Amino acid sequence: MHRKIILDVDTGIDDSLAVLYLLASPEAEILGIAATAGNVPAAQVAANTLAVLDLAQAPPIEVALGAAEPLAIPLRTTEDTHGPQGLGYAELPPSPRTLSERSAAQLWVELVRAHPGEVTGLCTGPLTNLALALRLEPELPRLLDRLVIMGGAFNHPGNTTPTNEWNIHVDPEAAEEVFDAFSAAPPHRRPLVCALDITETIEMRPEHLIALGQAAGSTPSETVGAGDPPEWRSAASDPIIRYLTDAVRFYFDFHHQYDLGYLAHMHDPFAAAVALDPALALTRPATVDVELTGTLTRATTVADWAGMWGREPNADIVIGTDPAVFFDRLVTRVGALARRLSQELPA
Ligand code: RIB
Ligand code: CA
């Protein structure tokens with residue numbers, strides 16, 4: 001099914017895989033991309049996103065710069081998780097593409113007004129710019145066809161504090177405004193929420209990189225491991241495989257450093273796959289709100305599954321999926337994109 005997508009990212013290693021997944025999916029039409037401050041500052045997010053579009057030889061796609069800071073608190077970034085540029089050990093050349101004249105919030109508002117009822121919004125970073133868009137256009141929840149959010153943690157530990165998840169942690173006020181705004185959305189337009197509960201079951205491992213390389217026809221086949229020195233870089237013949245190997249290996253090292261295993265949770269590309277095919281996800285409705293004043297629990301997403309608050313559900317939380325189906329699609333689609341681009345390269 002053809003899907004018009006507004007993508008809101010904080011590129012970021014896994015955000016870049018979400019971008020590549022969408023570009024590799026024929027049913028996806030990216031109308032525009034909002035660059036939101038999070039993993040790295042907004043300007044770096046925008047530069048990274050443009051560079052990934054170049055890597056994938058994407059057609060012109062509007063990328064709009066988001067707010068420099070969250071709604072109410074200073075920006076916190078996480079270069080230790082995503083690397084100095086935000087793309088792990090990979091370094092992509094600066095893109096000649098130019099940023100949109102309009103802001104990320106204006107991009108959201110003007111695109112949903114231009115395509116009422118047709119657009120799927122996909123947020124894989126903090127919700128700052130979506131919240132700003134909602135302030136400009138309160139009708140946005142009814143103008144969107146669907147919203148998919150990567151964020152939050154419910155019956156699952158946080159990854160930034162014991163209870164909160166990074167995207168919400170960066171801008172909890174924005175998240176609270178977004179979930180509140182969608183309280184009025186009809187059931188079929190409730191946000192699909194891919195929280196850590198499900199995204200931490202999406203465990204990318206070195207064998208997935210090998211499979212991607214094989215699908216792309218890239219040589220040599222490279223097996224990365226925890227003992228590789230930080231300065232090692234991929235010698236893969238295919239540029240997308242070379243990028244993915246250097247980017248994801250940083251993520252492997254980060255997860256390994258925190259005793260999570262030599263793996264990487266693929267939060268954002270999973271959310272992208274759900275945005276294109278909600279049937280991938282088993283969901284359960286709940287009323288979601290965000291703690292803003294808790295000393296220990298600020299930025300924690302809370303799900304009222306049983307209607308104890310007496311408020312209608314405002315979210316469909318993903319509670320089940322088959323990670324193998326996702327990885328099969330990721331490898332097949334991104335591998336085919338890489339192979340296609342290599343075959344089109346001038347000899
Ligand atoms: O908590 C995981 C999320 O935070 C992912 O979107 C990752 O890219 C970071 O933004
Ligand atoms: Ca992200």
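Atoms considered below: every heavy atom in the structure, side chains included; atoms not considered: hydrogens, waters and symmetry mates. The shown structure was predicted, so the numbers you read here are calculated from the model rather than taken from an experiment. Just so you know, ligand 1 is whichever comes first in the structure, and atom 1 is the first atom listed for that ligand.
Remark: the E79 side chain and the T81 side chain contain no N/O donor-acceptor pair separated by less than 3.5 Å. Looking only at atom types and distance, the side chain of N39 has a donor-acceptor partner in the side chain of D15 under 3.5 Å away.
A salt bridge links R298 with E173; the closest basic N to acidic carboxylate O contact falls under 4.0 Å. Between R249 and D253 there is a salt bridge, since a side-chain N of the basic residue sits under 4.0 Å from a carboxylate O of the acidic one. Look at E27 and R333 and you find a salt bridge, because one of the NZ, NE, NH1 or NH2 atoms lies within 4.0 Å of a carboxylate O, short of that distance. D316 and R146 are joined by a salt bridge, as a carboxylate oxygen and a charged side-chain nitrogen come within less than 4.0 angstrom of each other.
The aromatic rings of F326 and F270 stand perpendicular to each other, their planes meeting at an angle above 60°, with 30° marking the opposite boundary.
Within the protein, the N, O or S atoms sitting under 3.0 Å from the Ca ion (ligand 2) are D10 OD1, D15 OD1, D15 OD2, T124 O, D268 OD2.
The other residues sharing a hydrophobic cluster with L260 are F254, Y258, where clustering joins ILVMFWY side chains under 4.5 Å apart.
Near ligand 1, D10, D14, D15, N39, H82, T124, M150, N159, E165, W166, N167, H267, D268 each place a heavy atom less than 4.0 angstrom from the ligand.
By the ring pair (Phe, Tyr, Trp, His ring centres under 6.0 Å) test, Y21 is found to be paired with no residue, residues two or more places apart in sequence or in another chain being considered.
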